[in-house]
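A, B, ... follow the sequence lines: proteins, then strands. Residue 1 opens every chain. Because the structure is a prediction, the values reported are computed rather than measured.
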Number of protein chains: 2
Amino acid sequence: MTATNGEPPAVRQGAGRARVVLGLVGDKWSLLVVCHLDHGPRRFTELKRAVDGISQRMLTVTLRGLERDGLLTRTVHNVMPPHVTYELTPMGRTLYEATTPLLRWTTEHLADIDEARAEYDARAEYDIRADTPAARSAGNAPDR
Amino acid sequence: MTATNGEPPAVRQGAGRARVVLGLVGDKWSLLVVCHLDHGPRRFTELKRAVDGISQRMLTVTLRGLERDGLLTRTVHNVMPPHVTYELTPMGRTLYEATTPLLRWTTEHLADIDEARAEYDARAEYDIRADTPAARSAGNAPDR
DNA sequence: CAGCATCCCCCCGGATACTG
DNA sequence: CAGTATCCGGGGGGATGCTG
């Protein structure tokens, strides 16, 4: 049904997986929470402060989602004062490990990205001012 | 101002990187587009059909963002009919490579996640029906 | 302390129509 | 073919107030 006529199967596989990844940790907070849990179990308010910027509501929602996916466990301790700890499951830990190449990539290329953005923005600014239609349509194709 | 009092530096580093990652590919489409570009340059409508479900608008927006970040190049060919090709930059390709562990992880654990969700949902269903407050507060701590 | 319920705003993103 | 411009609805997510 999906008109993926000429695409090799590997492409669709990658795309499908990407969809799932985003469904898992593509939201605004899940990955952050997982990061903070990698260093051991944490309590609710610990996470609340650590993730910094997250609201109670979103922390709860995020934790529930991750728990539902089997990525972390929620443990209620019946003491006074009562507290709850969250801890990555083995699967959750493997997820974190799978993300580390991406995290490493980010730190390594952060400067490049900033530079690229600055260049792009500067170029866009120039194009607007000079209003050079030639610059957009003419042979700006790279020679390789 | 950010009350990250007790956290070891490594935690904040991970969290900071995670933020950037999400800013880059955390949106709904970027990663999908990058996946489809890994197999060589593609034209606009090729991507439009391949990514399947993406609207013209979002494809344009996504491509612009990726171009701005220096992850792909946009090349206008002045022929009839005119067409434009998009291709990953070297940096874009390294990004894709950095994501592959995550993509692999997904395929490997997809079944586990589905299972965990089904279990969680079943448990939730049961809790609602039986309305067992004890089940939520009592010692349901895992024994490991 | 941990978390649910409610209200509400914003903006992501889809649909449609128009251009070079 | 490859966009841009405009409208607009749904839901992500923040703020606040209340429970066990």
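Applying side-chain hydrogen bond (donor to acceptor under 3.5 Å, both in side chains) to B:T85 and the options B:E46, B:R42, B:R43, B:H77 leaves one that passes, B:H77. Screening B:L72, B:T73, B:L88, B:V61 for a side chain to side chain contact (heavy atoms under 4.5 Å, CB included) with B:L66, the sole residue that qualifies is B:L72.
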Derivation of the side-chain contact (heavy atoms from CB on, under 4.5 Å) call for B:T89 and B:R93: CA-CA 6 Å; B:T89 61; B:R93 245 170 277 129; over 6 Å; no
Test side-chain contact (heavy atoms from CB on, under 4.5 Å) applied to A:L95 and A:V25, step by step: CA-CA 10 Å; A:L95 169 61; A:V25 293; 4.0 Å; yes
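From one end of the helix from C:dC1-D:dG20 to C:dG20-D:dC1 to the other, with five pairs defining each end axis, the axis direction shifts by 50° (rounded to 10°).
Contacts between chain B and DNA chain C, taken as any atom within less than 4.0 angstrom of a protein heavy atom, begin and end at C:dG13 to C:dA17. Taking the 5' to 3' direction, DNA chain D first and last meets chain A under 4.0 angstrom from a heavy atom at D:dG13 to D:dG17.
The main-chain N or O of A:M58 is found under 3.5 Å from a side-chain atom of A:S55 such that the two form a donor-acceptor pair.
At the heavy-atom level, B:K28 lies under 4.0 Å from the strands shown only through sugar-phosphate atoms.
Listed by first and then second residue, the ring pair (Phe, Tyr, Trp, His ring centres under 6.0 Å) pairs that reach into residues 98-123 of chain B are B:W105-B:H109, sequence neighbours excluded.
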Hey, can you pull the donor-acceptor pairs under 3.5 Å for the side chains in residues 97-104 of chain B, sequence neighbours left out?
{"residue": "B:T99", "atom": "OG1", "partner": "B:Y96", "partner atom": "O", "Å": "2.6"}
{"residue": "B:T100", "atom": "OG1", "partner": "B:E97", "partner atom": "O", "Å": "2.5"}
{"residue": "B:R104", "atom": "NH2", "partner": "B:E108", "partner atom": "OE2", "Å": "2.7"}

Donor-acceptor pairs are to be reported for all side-chain atoms of residues 28-35 of chain B against protein atoms at under 3.5 Å, with residues two or more places apart or in another chain.
{"residue": "B:S30", "atom": "OG", "partner": "B:D27", "partner atom": "OD1", "Å": "2.7"}
{"residue": "B:S30", "atom": "OG", "partner": "B:D27", "partner atom": "OD2", "Å": "3.0"}

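In this structure, the separation between CD1 on B:I54 and NE2 on B:H36 is 9.5 Å, given to the nearest 0.5 Å.
The residue among A:T85 and B:R57 whose nearest nucleotide of DNA chain C is located toward the 5' end is A:T85. Comparing A:W29 and B:P82 by the nucleotide of DNA chain D that holds the closest heavy atom to each, the one mapping nearer the 5' end is B:P82.
Looking only at side-chain heavy atoms (C-beta outward), A:R74 and A:V76 come within less than 4.5 Å of each other.
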